[in-house]
Amino acid sequence: PVVESAAQVQADRPRSTPPVRKLARDRELDLTQIRGTGARGLITREDVLAFAGDLAPV
Amino acid sequence: MAEQAAGQEFDILILGGGSGGYAAALRAIQLGKTVGLVEKSKLGGTCLHNGCIPTKALLHAAEVADHAREGAKVGVNVELKSIDMVAVNAYKDGIVAGKYKGLQGLIKGKGITVIEGEGKLTAANTITVNGVNYTGKNIILATGSYSRSLPGLEIGGKVITSDQALTMDYLPKSVIVLGGGVIGVEFASVWKSFGVDVTIIEGMASLVPNEDAAIIKVLERTFRKRGIKFNTGTFFQGVEQSADGVKATLVDGKTFEAELMLVAVGRGPSTAGLGYEEAGVTMDRGFVITNDRLHTGVGNIYAVGDIVPGIQLAHRGFQQGIFVAEEIAGLNPVVVEDINVPKVTYCDPEIASVGLNEKQAKEKFGDENVESTEYNLAGNGKSAILGTGGIIKFVREKNGPVVGVHMIGSRVGEQIGEAQLIVNWEAYPEDVASLIHAHPTQNEALGEAAMALAGRPLHG
Amino acid sequence: MAEQAAGQEFDILILGGGSGGYAAALRAIQLGKTVGLVEKSKLGGTCLHNGCIPTKALLHAAEVADHAREGAKVGVNVELKSIDMVAVNAYKDGIVAGKYKGLQGLIKGKGITVIEGEGKLTAANTITVNGVNYTGKNIILATGSYSRSLPGLEIGGKVITSDQALTMDYLPKSVIVLGGGVIGVEFASVWKSFGVDVTIIEGMASLVPNEDAAIIKVLERTFRKRGIKFNTGTFFQGVEQSADGVKATLVDGKTFEAELMLVAVGRGPSTAGLGYEEAGVTMDRGFVITNDRLHTGVGNIYAVGDIVPGIQLAHRGFQQGIFVAEEIAGLNPVVVEDINVPKVTYCDPEIASVGLNEKQAKEKFGDENVESTEYNLAGNGKSAILGTGGIIKFVREKNGPVVGVHMIGSRVGEQIGEAQLIVNWEAYPEDVASLIHAHPTQNEALGEAAMALAGRPLHG
Ligand SMILES: Cc1cc2nc3c(=O)[nH]c(=O)nc-3n(C[C@H](O)[C@H](O)[C@H](O)COP(=O)(O)OP(=O)(O)OC[C@H]3O[C@@H](n4cnc5c(N)ncnc54)[C@H](O)[C@@H]3O)c2cc1C
Ligand SMILES: Cc1cc2nc3c(=O)[nH]c(=O)nc-3n(C[C@H](O)[C@H](O)[C@H](O)COP(=O)(O)OP(=O)(O)OC[C@H]3O[C@@H](n4cnc5c(N)ncnc54)[C@H](O)[C@@H]3O)c2cc1C
């Protein structure tokens, strides 16, 4: 079996947890444009909300 | 036309107090709206009184009977003496009564105005009940559905629908179930567990034709093993009733005889004569057509639940009811597509699915862009202990997220929660695979499936 | 000392073929490593042969007995004639044998070299088995655990551990269970369902003292209702055996008599005399001390499973085994903290939890920064149908993610999958609340709890 390295696996998908990805999608944001500030560059909920705030100030 | 007496005005006026209607009412009250809820029969609707709840009570009694029958296999010496349908119904009715009481208390306690009687939409903002006009700044249509039949097939005598089946106080010797969809396979499963000889007639190529092909295969194999007979792929032609029972004929001339026939060919929308068309609402074969935000296009009229084309499930009704209440309150809620609504069929073995099946995924992404894995419950310790086979199937977009989870096996309906988070949150198999599941549960089979799809099965 | 014969060299040499050891072996082989696995008894270890699997088979037989006893309530007339322990054991042993055969086939089929015999660590890269020295570029210690006793409390005769309890071919009239932790409450539950008179003695203030206070309350209330007696808060002093049975005395002088006493006071690490200390590995009361990446600090020696301090669960062993294999292969896997490992206790009612309980959350975040909600299963239709009470409790950081889920009720163990995703993925209650759960399932109770915690209960 082909075994992907952890690095490969992570390069393939957006670097965030599933609920945060869903949050971004519900707000129609493109995760690849959001900079992650979490552990190992993980995009956090705060990153998504901050990015959304930049786009559409409340 | 005589003048109508003027009734109250509400922020939101809802026609029908079933799953869709009462969920809208509860959410609307939470959001500070005044709510009128028109119900001609009983709050709770089909689901509570003639649907979800009573059928699942029967299915649990069926499970208890099966456990008794198979007790010796696990060292518990049990004699199954009889099924007492009067007592089964008392149990079932007790569950319904308890939930009904709770719901009535909840609805009244929150300050929702319940208007008893049959309502009719008489203007874009008006529902008339027993000669009184009630108005709503917003109207939600939620009149639900009824057991359909086929053209020329009359219900009556020994030809019954789920409504009659749920009140029967005896067990027939044999039954023909017309229709191998959700409701048909659930009743077939109950009756078989109660010792009835069951034959399902399904015109489509297989039982539960909307499920993934792999699931269908396991269901048909297991039903066959349980001695539930079925004839698929040939349409029904007609039925004759006699003193002894019924004789059903298929279009190819084949006949089946039994004491009773249950017609379970789907549910039609309850919309006839309710003034919807006259108000300008777009209708299609009795269903109410809305945009994707459930607005009918007329005034402030919305529709929710079984009258809106799509999967007819109670929790879809809940969700749509909540959605419309939030929409009216300006909360701009997110649309949940039907495909991402979890679906459970409670026959034994249970079926649970959410998202795209393999065929749908291939249509959407292209054959070469879909990967799937089937984890066989034969490898799952808890399933072996319960004596159930089955599979957990994950479908993913290649290098992408899981887009569908499909499961079959005793009790797997309860796995739908994890499956639903995975699909709705667009998790990758790797996201799930990195979390080890609890041993020994049936749940860990989802972990194994995710690990396999991520390219690193643990026990495989 | 005599010269030892030279055996093979492996990339990874593993001492102990239980959950931790064999998972490491399987993952290492997938990653292209050569693997030697030393096992003195049976592959699969405690979990498969004397732990998880056989106990859950007993618990299922217990469930079948309870269903029989309560059949009349649901209209199924059943007579529970007897529990045939020989047949119960045959069923249980059949499940174990099936899984054992599967595991052996898997291990051998993958090309893992199984070395049969008792091994001893004789150098930082060497394990000696039956006089042969095997070497590994990396060594994984996975020798597991054994049933502990208390100082001065000798096992023998009518004082038994879970090992003997699992092979008993008769039912005692009465049992004292010493210890109200996971293993104690599971056996108490089985025996009670089989008609045995059960008394649990627990020195701590409550049964299952590691669980959330709300869960403990429900367990104790339900056990009381089931007629399972317990005495908590006073420590055990000693036991006397006579021809008739046992008499246990507590430090306050209180005495209890029964036919048998099960000692379930925890599991100690199996590490004595295996050369760990001599090799320079740091030990603490028999446990192997590692860093958070499971390295012992000596050479390339790692440790996994029950010998590493923390919660002793099979899937934690799996996870640690996989982790170390990936660590050795340079994949830099993510550490999963013990607190985020799902925990299930399979007594009736079942208990399932993951993450912080309310007390732990308040210690971590401060009293005012924690919110929690308890959804009572009395409001859940499927639970009413199953005849079970219980609660689903969510704990969140205020305005933050869900940090713990705690559940009790028949069958709720299977809900741990969704709970585990929520906690491990740091979901907010709102994330879960926006997804409607399938009706009528026990699973929808999680949805209700999430909705309540998000400030918008559906049925509440
Ligand atoms: C046998 C069976 C089993 C089922 N099992 C499940 C299951 O396990 N899970 C699941 O999710 N779904 C199940 N369903 C489907 C589920 O019951 C429906 O999807 C759900 O009830 C739809 O909700 P609703 O609010 O649209 O309509 P309904 O529940 O049908 O409610 C409509 C309400 O409107 C009232 N009404 C209608 N017209 C008027 C009028 N003119 N004036 C006043 N009041 C009116 C009716 O009296 C009724 O109370 C089952 C259905 C059946 C028949
Ligand atoms: C009654 C009971 C019920 C349980 N139920 C559950 C449950 O439901 N869920 C759960 O997650 N956990 C449960 N557990 C705990 C679970 O069994 C352990 O956490 C798990 O087995 C630990 O795995 P391990 O690999 O660390 O050790 P073990 O499974 O104990 O395996 C150690 C292996 O090493 C071998 N070995 C030891 N010393 C040597 C040596 N010197 N040379 C060669 N081989 C050696 C042993 O023979 C054994 O096979 C239960 C335990 C008990 C006792």
pair I392(B)-E448(B): side-chain heavy atoms closer than 4.5 Å: no
Electrostatic pair E186(B):K56(B) at N-O distance under 4.0 angstrom: yes
Region of I322(C) in contact with chain B, defined by heavy-atom distances below 4.5 Å: side chain
Region of Q319(C) in contact with chain B, defined by heavy-atom distances below 4.5 Å: both
Under 4.5 Å from any heavy atom of chain C - which part of T441(B): both
Ion pair R456(B)/E326(C), N-O distance below 4.0 Å: yes
Side chain / backbone / both / neither for D66(C) at chain B, heavy atoms under 4.5 Å: neither
Contact origin within F323(B) toward chain C - heavy atom pairs under 4.5 Å: neither
E63(C) versus chain B, the contacting section by heavy-atom distance below 4.5 Å: side chain
Max heavy-atom pair count under 4.5 Å with chain C, selected residue of E70(B), E79(B), R316(B): E79(B)
Region of E414(B) in contact with chain C, defined by heavy-atom distances below 4.5 Å: both
Largest heavy-atom contact set with chain C, pairs under 4.5 Å, which of A68(B), G381(B), G98(B): G381(B)
Salt bridge present between R411(C) and E350(C) (N-O < 4.0 angstrom): no
Under 4.5 Å from a heavy atom of chain C, the part of K92(B) involved: neither
Which of L446(B), N89(B), L386(B) touches chain C most, by non-hydrogen pairs under 4.5 Å: L386(B)
Heavy-atom side-chain proximity of L435(B) to W425(C) below 4.5 angstrom: yes
Structural part of K382(C) lying under 4.5 Å from a heavy atom of chain B: side chain
Residue part contacting chain C, namely of V432(B), when any heavy atom lies under 4.5 Å: both
Selection from N340(B), V86(B), I95(B) maximising heavy-atom pairs under 4.5 Å formed with chain C: I95(B)
S82(C), part contacting chain B, at a heavy-atom distance under 4.5 Å: both
Flag for Q442(B)-N380(B): side-chain donor and acceptor within less than 3.5 Å: no
Check: V341(C) main-chain N/O paired with K343(C) side-chain donor or acceptor under 3.5 Å: yes
Contacting moiety of Y22(C), where chain B heavy atoms sit under 4.5 Å: side chain
Heavy-atom side-chain contact between Y91(C) and H60(C) under 4.5 Å: yes
Close side-chain approach of H315(B) and P440(C), heavy atoms under 4.5 Å: no
Under 4.5 Å from any heavy atom of chain B - which part of V354(C): neither
